[in-house]
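Order of the sequence lines fixes the chain letters, A, B, ..., with proteins taken first and strands second; residue numbering starts at 1 for each chain.
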Protein chains: 2
Amino acid sequence: MRVVVARCAVDYSGRLDAHLPLAKRLLMVKADGSVLVHSDGGSYKPLNWMSPPCSLTVDEPEGADAEAGVVELWTVRSAKTDDKLVVRIHEVLADHSAELGVDPGLVKDGVEAHLQKLLAEQIEILGPGHTLVRREYPTAIGPVDIMARGPEGNSVAVEIKRRGEIDGVEQLTRYLELLGRDPLLAPVRGVFAAQEIKPQARVLAEDRGIRCVVLDYDAMRGLDDVDSRLF
Amino acid sequence: MRVVVARCAVDYSGRLDAHLPLAKRLLMVKADGSVLVHSDGGSYKPLNWMSPPCSLTVDEPEGADAEAGVVELWTVRSAKTDDKLVVRIHEVLADHSAELGVDPGLVKDGVEAHLQKLLAEQIEILGPGHTLVRREYPTAIGPVDIMARGPEGNSVAVEIKRRGEIDGVEQLTRYLELLGRDPLLAPVRGVFAAQEIKPQARVLAEDRGIRCVVLDYDAMRGLDDVDSRLF
DNA sequence: TTATGAATTTCGGAC
DNA sequence: GTCCGAAGTTCATAA
């Protein structure tokens with residue numbers, strides 16, 4: 001990892017063309033050769049960048065660049081595409097390198113995928129007698145989050161969202177319409193499961209005969225932990 | 001802008017919970033108080049971050065933290081939500097601050113603008129005998145992307161999109177209706193040009209007598225390069 | 001101001 | 001590997 005603070009102008013060409021006028025910015029060069037150009041604001045997204053795999057070459061400025069006061073010319077080329085990032089450095093204000101090593105990585109919790117996994121493991125949350133058929137049950141218009149079987153042996157299609165809104169109900173409705181045509185599955189009941197279900201979404205769902213289930217993430221995770229400890 | 005290289009552990013809680021074990025990382029503190037935690041790899045996305053508006057407070061570690069070797073405790077709180085980022089610094093390897101000022105901002109040449117320029121230069125893509133009248137042809141409801149003249153001398157109004165969807169057809173339709181009232185131009189034919197035209201948009205366009213032209217951006221850019229070299 | 005869709009998207013999981 | 005959908009999405013534009 002190398003960090004350079006410099007007055008620089010940046011040009012990117014590739015999927016689009018972009019230009020950054022001369023200003024002070026922070027340049028980050030990662031161990032894999034990728035380069036990030038950050039300003040002192042905005043979000044976590046850099047103003048410009050080059051994703052790995054790529055290679056950085058530093059050249060002496062020539063001709064017009066040299067006359068314009070460029071002291072270093074960086075060219076970052078993508079290894080796979082013809083994307084190119086050119087950094088014209090006019091003044092280096094700081095330059096620091098450090099060995100960081102490989103990061104042990106992020107531990108994440110709480111996304112929709114985790115809810116899906118937990119509900120699949122605790123499918124009885126839908127009610128006694130429910131059994132899991134499979135996660136990501138494929139259909140012609142995309143996979144249903146969870147397909148289960150109810151206590152009477154009927155099919156149950158479950159759509160899971162972190163926040164249940166109208167478009168989620170619409171999505172489930174499309175699945176139900178399609179799945180209901182399959183004589184091996186029909187009749188298919190729908191369950192809309194989310195940590196939080198917006199009132200409008202609940203009204204729409206129940207109007208269409210879809211059951212709404214609010215998921216208690218902490219409780220589900222707690223049960224999961226208990227299970228892990230018990231077995 | 002402040003840049004700190006440090007051995008640290010990071011915890012985020014908010015929309016989800018995430019934890020980064022102790023390792024060397026780069027911490028970026030922007031002028032607006034936002035904080036980015038970068039590793040020496042991955043893409044431009046930080047391992048963890050806090051978006052502005054937010055505030056950073058630095059505390060002396062106490063109790064277990066102090067015993068575990070924490071020398072600085074950073075807490076970054078979102079001003080709007082209850083998101084929180086906690087950085088436990090065990091060792092500071094570098095610490096640098098710099099005044100960057102406000103960035104003049106990015107100048108983007110989107111693909112659509114480039115497509116317009118390229119098609120104007122290569123207007124014969126519309127068919128033999130076409131000539132350019134002008135780009136950004138002004139009308140009372142806004143400029144038409146390209147106005148051209150067809151082989152029989154008739155007017156041709158061109159709407160350019162990267163992805164041709166229904167609203168683009170509607171836009172062109174409005175232009176055509178307006179331009180068609182001008183006796184100096186009428187009759188005006190319409191051309192809907194895009195890198196990709198959605199089937200629904202194509203159906204609507206052709207139903208209205210508008211010709212659809214799919215543009216090959218790479219080929220057009222290639223021709224442009226050849227031209228640039230020749231002249 | 002809000003909603004809608006694209007992104008030089010990135011990131012992860014399923015197959 | 002590829003494909004597909006979510007993201008602590010972020011970002012821009014249109015309504």
Side-chain angles (χ1 to χ4, degrees), chain A residues 10-20 34-37 41-52 54 76-78 80-86 105-117 120 134-146 159-163 165-168 171 194-195, chain B residues 10-20 34-39 41-52 54 76-78 80-85 105-106 108-114 142 161-168 170-171 195-196 198 217:
Chain A
V10 183
D11 285 281
Y12 166 75
S13 62
R15 318 248 188 126
L16 58 76
D17 294 289
H19 172 72
L20 286 172
S34 58
V35 174
L36 284 63
V37 181
S43 68
Y44 65 71
K45 200 174 180 181
L47 295 168
N48 273 119
W49 70 94
M50 183 62 71
S51 303
C54 63
V76 193
R77 289 171 194 282
S78 167
K80 289 190 170 176
T81 68
D82 57 355
D83 289 26
K84 193 171 69 169
L85 190 71
V86 177
L106 189 65
V107 182
K108 260 193 203 177
D109 266 339
V111 284
E112 181 180 324
H114 199 195
L115 278 175
Q116 189 191 108
K117 181 168 173 290
R134 68 164 288 183
R135 291 167 60 184
E136 301 287 346
Y137 185 92
T139 79
I141 55 172
V144 177
D145 287 339
I146 286 183
E159 176 66 32
I160 300 173
K161 292 288 175 194
R162 197 162 51 80
R163 288 201 312 258
E165 299 182 14
I166 285 190
D167 59 346
Q171 194 177 340
Q195 273 190 282
Chain B
V10 184
D11 285 281
Y12 165 76
S13 62
R15 317 247 189 125
L16 57 75
D17 295 290
H19 172 72
L20 286 171
S34 58
V35 174
L36 283 63
V37 182
H38 267 279
S39 69
S43 66
Y44 66 70
K45 201 174 181 181
L47 294 168
N48 262 331
W49 70 94
M50 184 62 71
S51 304
C54 63
V76 193
R77 289 172 194 280
S78 167
K80 288 192 171 175
T81 68
D82 56 356
D83 289 25
K84 192 170 72 169
L85 190 71
L106 188 66
K108 260 194 204 178
D109 291 330
V111 173
E112 181 177 323
H114 200 193
K161 292 285 176 196
R162 198 166 57 79
R163 288 209 333 228
E165 301 183 11
I166 286 189
D167 60 345
E170 297 288 6
Q171 195 178 340
Q195 271 190 285
E196 177 198 352
K198 295 288 175 70
Y217 181 56

>> Using a 5.5 Å cut-off between ring centres and planes within 30 degrees, is A:W49 stacked on the base of C:dT8?
In response: yes
Compare side-chain N and O positions of A:S78 against OP1 and OP2 of C:dT8 and report whether any pair is under 4.0 Å apart.
no
(request) Ignoring backbone atoms, test whether B:S51 places a side-chain nitrogen or oxygen under 4.0 Å from the OP1 or OP2 oxygen of D:dG8. (result) no
Next item on the list: Evaluate the side-chain contact (heavy atoms from CB on, under 4.5 Å) criterion for residues A:V86 and A:K84: first the C-alpha distance (whole Å), next the side-chain angles of each, then the deciding distance (0.1 Å), finally the verdict.
Entry: CA-CA 7 Å; A:V86 177; A:K84 193 171 69 169; 4.1 Å; yes
**Prompt:** So, B:Y12 and B:D83: side-chain donor and acceptor under 3.5 Å apart, yes or no?
**Reply:** yes
- Query: How would you label the contact of B:Y12 with the nucleic acid (heavy atoms, under 4.0 Å): base, sugar-phosphate, or nothing?
  - Reply: base
Report task. Classify the nucleic acid contact of A:M50 as base, sugar-phosphate or nothing, counting any heavy atom under 4.0 Å across all strands shown. Result -> nothing
Can you tell me which nucleotide in [options] comes closest to the side chain of [X]?
X: A:L16; options: D:dA6, C:dT8, D:dG8; answer: C:dT8
X: A:K161; options: C:dT8, D:dG8, D:dA6; answer: D:dA6
X: A:R135; options: C:dT8, C:dA14, D:dT10; answer: C:dA14
X: B:S43; options: C:dC11, D:dG8, D:dT10; answer: C:dC11
X: B:D83; options: C:dT8, D:dG8, C:dA14; answer: D:dG8

For A:S78 and A:C54, the nearest pair of non-hydrogen atoms, with its separation, is CA-CB, 3.9 Å
Practice problem: Quote, to the nearest angstrom, the C1' distance that separates D:dA14 from C:dT8. | Solution: 23 Å
